[in-house]
2 protein chains.
Amino acid sequence: MAENAKPKRRRSAGAVVEEPALAGLELRPPGLTPVEQEAYRKLIDAIAARRLLPGVKLVEEDLAGIFGVSRERIRRILLVLSQHDIVRLEPNRGAYVARPTYAECQDAFEARLLIERNVVRALASMGPARRRMIVSHLRRHIGAESEAIAAGDRVAEIRLSGEFHLKMAALAGNQRLLRMLQDIVAQMSLALAAHTHAHDLDCSISEHAELLDAIDAGDLDRADHLLAHHLEHMEAALLHGMHGEEDSLAAALGEIRSGNA
Amino acid sequence: MAENAKPKRRRSAGAVVEEPALAGLELRPPGLTPVEQEAYRKLIDAIAARRLLPGVKLVEEDLAGIFGVSRERIRRILLVLSQHDIVRLEPNRGAYVARPTYAECQDAFEARLLIERNVVRALASMGPARRRMIVSHLRRHIGAESEAIAAGDRVAEIRLSGEFHLKMAALAGNQRLLRMLQDIVAQMSLALAAHTHAHDLDCSISEHAELLDAIDAGDLDRADHLLAHHLEHMEAALLHGMHGEEDSLAAALGEIRSGNA
DNA sequence: GCGAACCATATTGTGCACAATCTTGCGCAT
DNA sequence: ATGCGCAAGATTGTGCACAATATGGTTCGC
């Protein structure tokens, strides 16, 4: 009687089911109607897949037309996105896909390392049964990553690579840390798109597999070490790509890559 | 020529100045006009000072009258607050000050411990000169806390106690971690208000002083240990207060303490 | 007397119209 | 030819009016 009003859902998102902890992965910003959440998710997807690049102007009326909703709804969505540092709102000028600065990236990396180390530690120190469950799920995910690479599907590869980290966080069970990481991953995706030219090394899949092995074995130190390496790898690549261009002419010229449609 | 457009600011907020890193303390949600940010800040202040209790209904028109702005502005502010889990927006029912659940508090505590340990570690491992600067600032803050206690100003005491932690984060220099902690502290303030009856031990000031001594001495391990103790102290008190009442009759009855004006 | 449907009121949700602001392109003077 | 100013168009910002929904009390039927 006094239970929640969500009797029978689950088993609707296709492949990602059977594991309740993964339910938190779905983006559900509060205060938005289902229709708005849909559009919100599509925007985030577009960013994760690099279809929306940093600096692109998001014209309200255009978005309204694309998603088939009114301009005020778009307006609310943009406001929410701005709270998560995914969109930059300039007064009287409009909304732009965020272009993270050097300092922001450094901060984000520090936060990410902090969160993910905690996540991996949590996973690796769970009971054997639960750990087996988790590892099995993540191995399947890596399988999907491999397929995407084999098929040459660059977009899917990028998306799945980021999702791997989010799935780990979801499985660790802390909703708050998961949401923090979601924001960070999105921002990092933007930073990589903006400042990295050869983004061949977003996330090497072999490192994912090794990390998973360590978790499987319950080897805390090794898992921690591998993760730290993995992330510092990314950080070095990104921060190197950004080195010196920040707030400089190059960054300004980089803004050219706007252009709608 | 290619520098930022912030030539000479600073030195405007009265007592809290002379330290650039503390500038990040001021709440500035993006996408809100200055007028809206003002109202936003007042709402957060009211929550930090326990003048706004969890579960209280926030009627749009009332707030509009109080702050002297239009209803649509209030609407935007509430949407932003909902993104930070400070306000719960129920469709067609209205906005309510959030009442964190047991699970949310656990997650928040884990995140908080993670962030603050990193903050304290960062502070304690800074160079001697910088460390002296920081410690001096924080000691002055503790002085203010003492005064509030001596004067019997309960409201100021609560506010300053929470602010101590935020100042440490601000001085550590990571903006993103700071903002995360701001959200967590606000939520925790709500949780304490909602579920703790004798909230005499929000934060004991002597623990702040001890922690600061350890940072001053550059004693990483001791600082880390003291912080962990300090927070676990709080956690135990809160989670004990909440034990069993979650989603139960008690929680439902607790909603009675609404009443506007 | 009890319960259920109904209506009045209060509150939130949404679309629209217009105001404010920025951008762009043109023309004019130097 | 170059730079300045101005006007037209495009885009964002805001208030208002009305629709949709929830709430609480009342009345009617059993």
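Lettering follows sequence order; numbering is per chain, from 1. If you're wondering where the values come from, they're calculated on a predicted model, not measured in any experiment. Only this structure's heavy atoms are used, side chains among them; waters, hydrogens and symmetry mates stay out.
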Could you go through nucleotides 6-8 of chain C and list every protein N or O atom that sits under 3.5 Å from one of its N or O atoms, giving the distance for each pair?
none

For the pair made of CD in B:Glu61 and C1' in C:dT11, what is the distance, rounded to whole Å? 8 Å
Would you indicate whether the side-chain heavy atoms of B:Arg99 and B:Leu190 approach each other to under 4.5 Å? no
State, with a plain yes or no, whether a side-chain heavy atom of B:Tyr40 is found less than 4.5 Å away from one of B:Arg28. no
Across all chains, not counting sequence neighbours, the side chain to side chain donor-acceptor pair (under 3.5 Å) partners of B:Glu116 are B:Arg112, B:His165
Mind checking whether A:Phe67 and A:Arg73 have side chains closer than 4.5 Å, heavy atoms only? no
So, using side chain to side chain donor-acceptor pair (under 3.5 Å) as the criterion, who are the partners of B:Gln182 when residues are at least two apart? none
Just how large is the angle between the end axes of the helix from C:dG1-D:dC30 to C:dT30-D:dA1, five pairs per end, to 10 degrees? 10°
Full working for side chain to side chain contact (heavy atoms under 4.5 Å, CB included) between B:Phe109 and B:Leu238: CA-CA 10 Å; B:Phe109 256 112; B:Leu238 173 58; 3.7 Å; yes
Search all heavy atoms of B:Phe164 against all heavy atoms of B:His141 and return the closest pair with its distance. N-NE2, 3.5 Å
Would B:Thr33 and B:Glu36 count as a side chain to side chain contact (heavy atoms under 4.5 Å, CB included) if you check the C-alpha gap in whole Å, the side-chain angles of each, and the deciding distance to 0.1 Å? CA-CA 5 Å; B:Thr33 68; B:Glu36 290 165 344; 3.3 Å; yes
State whether the side chain of B:Gln187 and the backbone N or O of B:Ile184 hold a donor-acceptor pair below 3.5 Å, judged by distance alone. no
Modelled atom types, side-chain donor and acceptor of B:Ser189 and B:Arg50, under 3.5 Å: yes
Near DNA chain D, under 4.0 Å by heavy atom, which residues of residues 63-75 of chain A? A:Arg71, A:Arg75
Quick one: label B:Leu58 by what it contacts on the DNA or RNA (base, sugar-phosphate, nothing), any heavy atom closer than 4.0 Å. sugar-phosphate
What verdict does the side chain to side chain contact (heavy atoms under 4.5 Å, CB included) test give for A:Lys42 and A:Leu63, after you've listed the backbone C-alpha separation in whole Å, the side-chain angles of each residue and the deciding distance to 0.1 Å? CA-CA 11 Å; A:Lys42 282 184 181 170; A:Leu63 292 177; over 6 Å; no
Hey, which sits more toward the 5' end of DNA chain C by its nearest nucleotide, A:Arg93 or B:Glu60? B:Glu60
Strictly by modelled atom types, are B:Gln175 and A:Asp107 linked by a side-chain donor-acceptor pair under 3.5 Å? no
Tell me, do A:Val97 and A:Lys57 make a side-chain contact under 4.5 Å, heavy atoms counted? no
What are the bounds, 5' to 3', of the part of DNA chain D that sits under 4.0 Å from heavy atoms of chain B? D:dT14 to D:dT23
